[in-house]
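Quick note: numbers below take in every heavy atom, side chains included, and nothing from hydrogens, waters or symmetry partners.
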Amino acid sequence: MSEGNIMMPVRPSERFVILDALRGFALLGICMANFPEFSLYSFLDESAKSEMSSSLWDDITQYLLYIFVDGKFYTIFSLLFGIGFSIIIANCMKRGNNGLKVFYRRMFYLLLIGFAHLILIWSGDILMLYALVGMLLPVFMKLSDRKILILAGVFLILPVIIDSLCEIFRWNPSAWLVGQQWKYCGIYGITEENFAYWLADSKSYNDVFKFLIQGAWERMSEFVDGNRYFKVLGLFLIGYYIGRNRLYANIGELKSSLKKIAVAGICLGLPLSAVYAWSAMEGHPLGGGIHSLFYFLSVYLTSFGYIAVFCLTYLAFKKLFVWKLFSAPGRMALTNYIGQSLIGIFIFYGIGLGFGAKMGLFEVEIIVACVFIFEIIFSSIWLKIFRFGPLEWIWRCLTYKQIFPLLK
């Protein structure tokens with residue numbers, strides 16, 4: 001059997017609408033979380049934010065984002081990646097011993113896409129981390145479901161322990177990376193005074209690229225400070241467990257469990273998210289370790305609650321048109337994720353429309369709604385004509401070393 005036939009792209013008849021719709025739902029939340037940084041609002045100091053006419057609405061919006069969005073949709077997106085990886089690995093292993101070669105090649109090209117995104121487009125990339133952590137999943141393939149879930153829990157709680165230890169011993173694990181970031185800032189003339197306005201004032205891509213170089217170092221320091229690799233691995237393992245047991249294919253049989261998860265997630269997760277939001281807005285008054293504990297307790301409970309409510313609503317109203325609206329961008333998640341970055345650059349950077357650092361957070365989130373509506377329309381039209389999203393098609397062709405038909 002040729003290597004190209006080891007694993008084929010998922011056929012339309014094999015897709016599960018609930019996974020595509022959840023992926024689209026996650027993309028909306030990721031856009032809501034990322035665009036405050038694209039708009040440069042996140043970089044502004046408090047005095048500049050307070051001078052905006054929408055400052056009161058911006059503060060309310062910020063608080064609501066911490067409660068309902070922060071960490072939640074990245075968690076859902078990570079779980080879905082874990083589910084997707086489990087499907088890929090299972091398909092590979094069914095086809096023979098070379099299956100893992102195809103899987104690792106797929107991760108390698110995702111790594112390259114993520115690196116290009118990080119260095120050439122936006123410093124907030126997550127795909128590189130997904131590719132690197134995804135490469136570890138085959139190590140866990142032979143473990144029992146119980147061991148996988150235990151390990152997932154360990155990886156998810158580790159950041160709380162690490163943050164507490166760092167606080168006790170006054171250790172900053174990202175210090176060297178932060179030093180590298182400011183080293184490049186110094187080389188390019190980026191200072192604390194012009195940091196928030198650099199991209200809005202940029203007149204050429206060369207200026208943007210300079211900011212992206214220091215931003216890549218900043219992103220790595222964020223991964224270290226946030227212990228993101230442990231969080232992603234834990235979520236991938238839960239997603240792998242869900243995918244390996246094909247729970248997504250039998251959600252109708254899980255209605256009772258989903259109701260319990262929904263109640264716990266919403267009734268406990270959201271109040272805890274309000275506490276987490278207070279801690280974030282007030283600059284972690286109880287310390288970094290306690291803030292990390294608030295994150296752990298609130299984000300994961302709420303995220304699973306969101307998923308359970310989403311699935312229960314889908315089971316109750318399968319014929320609603322809204323599932324098609326969410327599933328279209330979800331089927332083109334890679335294209336739309338990168339597309340959000342390109343749209344953000346066009347709207348907010350000086351090489352585009354230059355609206356960055358001039359809009360309040362409330363206005364930014366209105367733009368997010370418009371961007372997602374655009375992605376729904378674009379994805380729906382594209383998939384009427386083509387089999388895959390453009391980046392999905394390129395990724396598949398590179399992975400399997402063959403050209404697949406793009407037109408339907």
> If every non-hydrogen atom of M332 is compared with every non-hydrogen atom of E392, which pair is closest and at what distance?
Replying inline: C-OE2, 3.1 Å

>> Once rounded to the nearest 0.5 Å, what's the spacing between atom CG of L137 and atom CG of L237?
In response: 6.0 Å

> Should F296 and I157 be marked as a side chain to side chain contact (heavy atoms under 4.5 Å, CB included) after you check the CA-CA gap, both sets of side-chain angles, and the distance that decides it?
Replying inline: CA-CA 7 Å; F296 172 80; I157 196 66; 3.6 Å; yes

> Are the side chain of S202 and the backbone of L199 linked by a donor-acceptor contact shorter than 3.5 Å?
Replying inline: yes

>> Whether the side chain of Q214 engages the backbone of C185 through a donor-acceptor N/O pair (distance < 3.5 Å, no angle test) should be reported.
In response: no

> What is the minimum heavy-atom distance between D225 and N172, and which atoms define it?
Replying inline: OD1-OD1, 3.8 Å

> Would you say the side-chain atoms of S273 and K72 include a donor-acceptor pair closer than 3.5 Å?
Replying inline: yes

>> For Y104, I'd like to know if atom OH has over 12 heavy atoms of other residues, nucleotides or ligands within 6.0 Å.
In response: yes

> Between F81 and F77, how do the two ring planes meet: parallel, tilted or perpendicular, split at 30° and 60°?
Replying inline: perpendicular

> Is there side-chain contact between I126 and Y337, with heavy atoms separated by less than 4.5 Å?
Replying inline: yes

> Between F195 and W182, how do the two ring planes meet: parallel, tilted or perpendicular, split at 30° and 60°?
Replying inline: tilted

>> So which atom in I351 and which in Y205 form the shortest heavy-atom distance, rounded to 0.1 Å?
In response: CG2-N, 3.9 Å

>> Any heavy-atom pair between the side chains of L353 and F346 that's under 4.5 Å?
In response: yes

>> Within this structure, what is the NE2-OG distance for the pair H117 and S341, rounded to the nearest 0.5 Å?
In response: 2.5 Å

>> Pair Y229, L132 - check side chain to side chain contact (heavy atoms under 4.5 Å, CB included), show working.
In response: CA-CA 9 Å; Y229 28 82; L132 291 170; over 6 Å; no

> Going through the checks in order, is the side chain to side chain contact (heavy atoms under 4.5 Å, CB included) test met by E218 and S123?
Replying inline: CA-CA 8 Å; E218 182 183 23; S123 304; 5.8 Å; no

> Are any non-hydrogen side-chain atoms of Y276 and D70 less than 4.5 angstrom apart?
Replying inline: yes

>> Could you check whether any side-chain heavy atom of L407 comes within less than 4.5 Å of a side-chain heavy atom of I385, counting everything from C-beta outward?
In response: yes

>> In the structure I gave you, are the side-chain heavy atoms of L156 and F230 within less than 4.5 Å of one another anywhere?
In response: no

>> With a sphere of 6.0 Å drawn around CZ of F209, does it hold more than 12 non-hydrogen atoms of other residues, nucleotides or ligands?
In response: no

> Is the backbone N or O of I338 less than 3.5 Å from a side-chain atom of W122, with the two atoms forming a donor-acceptor pair by type?
Replying inline: no

> Do the side chain of R387 and the main chain of L406 share a donor and acceptor less than 3.5 angstrom apart?
Replying inline: no

> Can you check whether L27's main-chain N or O pairs, donor with acceptor, with Q340's side chain at less than 3.5 Å?
Replying inline: yes

> Between S279 and F294, is any pair of side-chain heavy atoms under 4.5 Å apart?
Replying inline: yes

> Of all heavy-atom pairs between L79 and L235, which one has the smallest distance, and what is that distance?
Replying inline: CD2-O, 3.3 Å

> Just by distance, with hydrogens left out, do Y74 and S303 show a side-chain donor and acceptor under 3.5 Å apart?
Replying inline: no

> Are any side-chain N or O atoms of K324 and backbone N or O atoms of S380, one a donor and one an acceptor, separated by less than 3.5 Å?
Replying inline: no

> If only atom types and distance count, is the side chain of R228 paired as donor or acceptor with the main-chain N or O of E222 below 3.5 Å?
Replying inline: no

>> Taking the side chain as everything from C-beta on, heavy atoms only, tell me whether I381 gets closer than 4.5 Å to K384.
In response: no

> Which pair of non-hydrogen atoms, one from M128 and one from G114, has the smallest distance, and what is that distance?
Replying inline: CG-C, 3.3 Å

> Between F38 and Y349, is a side chain to side chain contact (heavy atoms under 4.5 Å, CB included) present by the stated rule, with each step listed?
Replying inline: CA-CA 8 Å; F38 273 119; Y349 292 6; 3.9 Å; yes

>> Return the CE to OG1 distance between M32 and T61, rounded to the nearest 0.5 Å.
In response: 9.0 Å

>> As an exercise, state the distance from CZ of R170 to CG of L165, rounded to the nearest 0.5 Å.
In response: 14.5 Å

>> Side chains of F103 and F85, heavy atoms from C-beta outward: is any pair under 4.5 Å?
In response: yes

> Is it the case that more than 12 heavy atoms not belonging to K408 sit under 6.0 Å from its NZ atom?
Replying inline: yes

> Under 30°, 30 to 60°, or over 60°: which ring-plane class applies to W323 and Y314, parallel, tilted or perpendicular?
Replying inline: perpendicular

> Rounded to the nearest 0.5 Å, how far apart are CH2 of W382 and CZ of F388?
Replying inline: 12.0 Å

>> One thing to verify: whether R244 and D145 come together as a salt bridge, which I'm taking to mean a side-chain N less than 4.0 angstrom from a carboxylate O.
In response: yes

> Is there a donor-acceptor pair under 3.5 Å between the side chain of T75 and the backbone N or O of Y300?
Replying inline: no

> Should the pair R106 and W395 be classed as cation-pi, given the thresholds of under 6.0 Å to the six-membered ring centre and 45° from the axis?
Replying inline: yes

> So W57 and F362, would you call those rings parallel, tilted or perpendicular, with 30° and 60° as cut-offs?
Replying inline: tilted

> Are the side chain of N336 and the backbone of P329 linked by a donor-acceptor contact shorter than 3.5 Å?
Replying inline: yes

> Can you check whether F236 and Y130 have ring centres sitting under 6.0 Å from each other?
Replying inline: yes

> Once you round to the nearest 0.5 Å, how far does CG of L361 lie from CG of D59?
Replying inline: 9.0 Å

> Is the centre of the F140 ring less than 6.0 Å from the centre of the Y240 ring?
Replying inline: no

> Do any N or O atoms from the side chain of S86 and from the backbone of I83 form a donor-acceptor pair under 3.5 angstrom?
Replying inline: yes

> So which heavy atom on A196 is nearest to which on A357, and how close?
Replying inline: O-CB, 4.0 Å

>> Suppose we call two aromatic rings close when their centres sit under 6.0 Å apart. Are F73 and Y306 close by that rule?
In response: yes

